[in-house]
Amino acid sequence: MIRVALAAAVRDLPRAAGLAYEPKFDGHRLVVVRSAAEVTLQARSGRIVTSAFPDLAAAALQLPAGTVLDGEVVVWHAGRTDFALVQRRAAATAARAAVLAQSLPASYAAFDVLELAGLDVRARPYERRRTLLVDLLLPLGPPLQPVPMTTDPELAATWYETLPASGIEGLVVKRLDQAYPAGRRGWQKLRHTDVRDAAVVGYTGTPRRPLALVLVLPVGDQTPLVSSPLTAALRREVAEAAAARGAAGRAAEPRAAEPRATVTAIGLGEVPYRTLDPPLTAEVRHTSARHPPPEVIRLRTDL
């Protein structure tokens, strides 16, 4: 498994010498591994998802053997990236994926190169890796493309204000002299809203009909919270994910699908819930525990 670099959230645009700015695309994190014999696509979690994106796997055969790229897979629709369509692609069976590759073609927004022609370049400065990435991908063209990059904070600020209409989530900021921070939050990310990632440690309701999620928000909000009611689409996603985790757990040891903990919910008192191990990740809109329950925007099954 290739451990990917992570980013820490910031509230304001960093401005300093020696920084690079990239648009943050709204898709699934994807590592492309081109060996001498084949192409393997790895999600951030380490799961192999090659069969879900046969179009990208075929395009990546153009890469030289011994190449490893880090980036985001996106699907464009009506002039903007559509996360729901990426989710649809990622969840498809191998047979269905071949059909969707024709109707919903994927694009790969590459933002780093980890290996090139069998040489590990992660220790090289980002500025040098960026040059290698552009030189590698520009002659190939879509669907494998390097993300835009600038060292001008004013242009980055303009991107931040104008690109959301194209489905861009915000910006990722990196130091030009920085090695690839595998497994660490060595980059910075600036999002457009108060949306944050939260760990989904459980859910209320039944396995077939989850009603709300039990969440743990990032640093500073470690007390579990119960989300607002889930939409029908989210209920289906949570039920499928809970079933998959339950099956994995039963393979390791017997586990009963019964409430195993309680949490204090605003206005509801102590509420029993069923735990998820390992947790899921959800994007939520929330300010603090003194405000209404957090709103779950979507489940991130790509993590």
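For Arg88, there are no side-chain hydrogen bond (donor to acceptor under 3.5 Å, both in side chains) partners, not counting sequence neighbours. For Tyr180, the ring-ring contact (aromatic ring centres under 6.0 Å, His included) criterion is met by Trp187, not counting sequence neighbours. Considering only residues two or more places apart in sequence or on other chains, Thr231 meets the side-chain contact (heavy atoms from CB on, under 4.5 Å) condition with Ala233, Leu234.
Evaluation of the side-chain hydrogen bond (donor to acceptor under 3.5 Å, both in side chains) test over residues 116-127, restricted to residues two or more places apart or in two chains, returns Glu22-Tyr126, Asp120-Arg122. Sorted by first then second residue, the salt bridge (Lys or Arg N to Asp or Glu O under 4.0 Å) pairs that include residues 108-117, not counting sequence neighbours, are Asp112-Arg129. Sequence neighbours left out, not one pair with a member in residues 91-111 passes side-chain hydrogen bond (donor to acceptor under 3.5 Å, both in side chains).
Minimum heavy-atom separation, Pro207 to Pro210: O-CD, 3.9 Å. Residues Trp76 and Ser166 share a closest heavy-atom pair of CZ3-O, 3.7 Å. Of all heavy-atom pairs between Leu116 and Pro64, the closest is CD1-CG, 4.4 Å. Shown here for Ser228 and Ala212, the closest heavy-atom pair between the two residues is O-CB, 4.2 Å. Scanning all heavy atoms of the two residues, the minimum distance from Gly183 to Leu6 falls at O-CD1, 4.3 Å. Considering every non-hydrogen atom in both Arg3 and Ala182, the closest pair reads O-CB, 3.5 Å.
At least one side-chain heavy atom of Arg130 sits under 4.5 Å from a side-chain heavy atom of Met149. The side-chain heavy atoms of Val284 and Leu215, taken from C-beta on, include a pair separated by under 4.5 Å. When side chains are defined from C-beta on, Leu30 counts as touching Leu56, because their heavy atoms get closer than 4.5 Å. At least one side-chain heavy atom of Thr40 sits under 4.5 Å from a side-chain heavy atom of Ile48. Using a 4.5 Å cut-off on side-chain heavy atoms (C-beta onward), Val31 and Arg44 make no contact. Between Val200 and Thr281 the shortest side-chain heavy-atom distance does not fall below 4.5 Å. In this structure the side chain of Val32 never reaches within 4.5 angstrom of the side chain of Val68, judged on heavy atoms. Counting only heavy atoms from C-beta outward, the side chains of Phe25 and Ile168 approach each other to under 4.5 Å.
Going from atom CG of Leu69 over to atom CG of Leu137 covers 6.0 Å, rounded to the nearest 0.5 Å. Rounding to the nearest 0.5 angstrom, the gap separating the NZ atom in Lys24 from the CG atom in Leu163 is 13.5 Å. Note that CZ of Arg298 and CG of Asp26 are 4.0 Å apart. Values are rounded to the nearest 0.5 Å. With rounding to the nearest 0.5 angstrom, the CG atom of Leu211 is 6.5 Å from the CZ atom of Arg209. With rounding to the nearest 0.5 Å, the separation of OG1 in Thr275 from OH in Tyr273 is 7.0 Å. Taken from OG1 in Thr151 to CG in Leu19, the straight-line distance is 9.5 Å, to the nearest 0.5 Å.
One hydrophobic cluster, built from ILVMFWY side chains closer than 4.5 Å, cannot hold both Val73 and Val147; they sit in different ones. Note on Leu41: it does not cluster hydrophobically with Val4, by side-chain heavy-atom contacts below 4.5 Å among ILVMFWY residues. By the rule that hydrophobic residues join a cluster once side-chain heavy atoms approach within less than 4.5 Å of another member, Leu176 and Leu114 end up as members of separate clusters. In terms of hydrophobic clustering, with Ile, Leu, Val, Met, Phe, Trp and Tyr side chains grouped at heavy-atom distances under 4.5 Å, Leu104 and Val86 are assigned to a common cluster. Hydrophobic clustering (ILVMFWY, side-chain heavy atoms < 4.5 Å, transitive): Leu144 and Leu61 are in one cluster.
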| field | Derivation and outcome, side chain to side chain contact (heavy atoms under 4.5 Å, CB included), residues Leu171 and Leu13 | value | CA-CA 8 Å; Leu171 299 174; Leu13 181 67; 3.5 Å; yes
| Worked check of side chain to side chain contact (heavy atoms under 4.5 Å, CB included) between Leu190 and Tyr160 | CA-CA 9 Å; Leu190 177 66; Tyr160 181 73; 3.7 Å; yes
| query | Checking side chain to side chain contact (heavy atoms under 4.5 Å, CB included) for the pair Lys174/Tyr21: CA distance, chi angles, key distance, verdict? | reply | CA-CA 7 Å; Lys174 308 173 182 178; Tyr21 306 87; over 6 Å; no
| request: Check the pair Leu136, Leu63 against side chain to side chain contact (heavy atoms under 4.5 Å, CB included), reporting the backbone distance first and the verdict last. | output: CA-CA 8 Å; Leu136 174 68; Leu63 298 170; 4.1 Å; yes
| request: Using the salt bridge (charged side-chain N to carboxylate O under 4.0 Å, His left out) rule, take Arg89 and Asp55 through it: C-alpha gap first, then chi angles, then the decisive distance, then the call. | output: CA-CA 11 Å; Arg89 286 291 312 266; Asp55 44 346; 2.8 Å; yes
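With hydrogens and angles disregarded, a donor-acceptor distance shorter than 3.5 Å links the side chain of Gln178 to the backbone of Gly186. When atom types are taken as modelled, the side chain of Arg235 and the backbone of Leu230 share a donor-acceptor pair closer than 3.5 angstrom. Side chain of Glu169 to main chain of Pro164: no donor-acceptor pair is present (N/O by atom type, distance under 3.5 Å, no hydrogens or angles). Remark: the backbone N or O of Ala8 is not paired with any side-chain donor or acceptor of Arg185 at under 3.5 angstrom.
In the displayed structure, Arg80 atom CZ is contacted under 6.0 Å by more than 12 heavy atoms of other residues, nucleotides or ligands.
A salt bridge links Glu283 with Arg191: at least one charged nitrogen is closer than 4.0 Å to a carboxylate oxygen.
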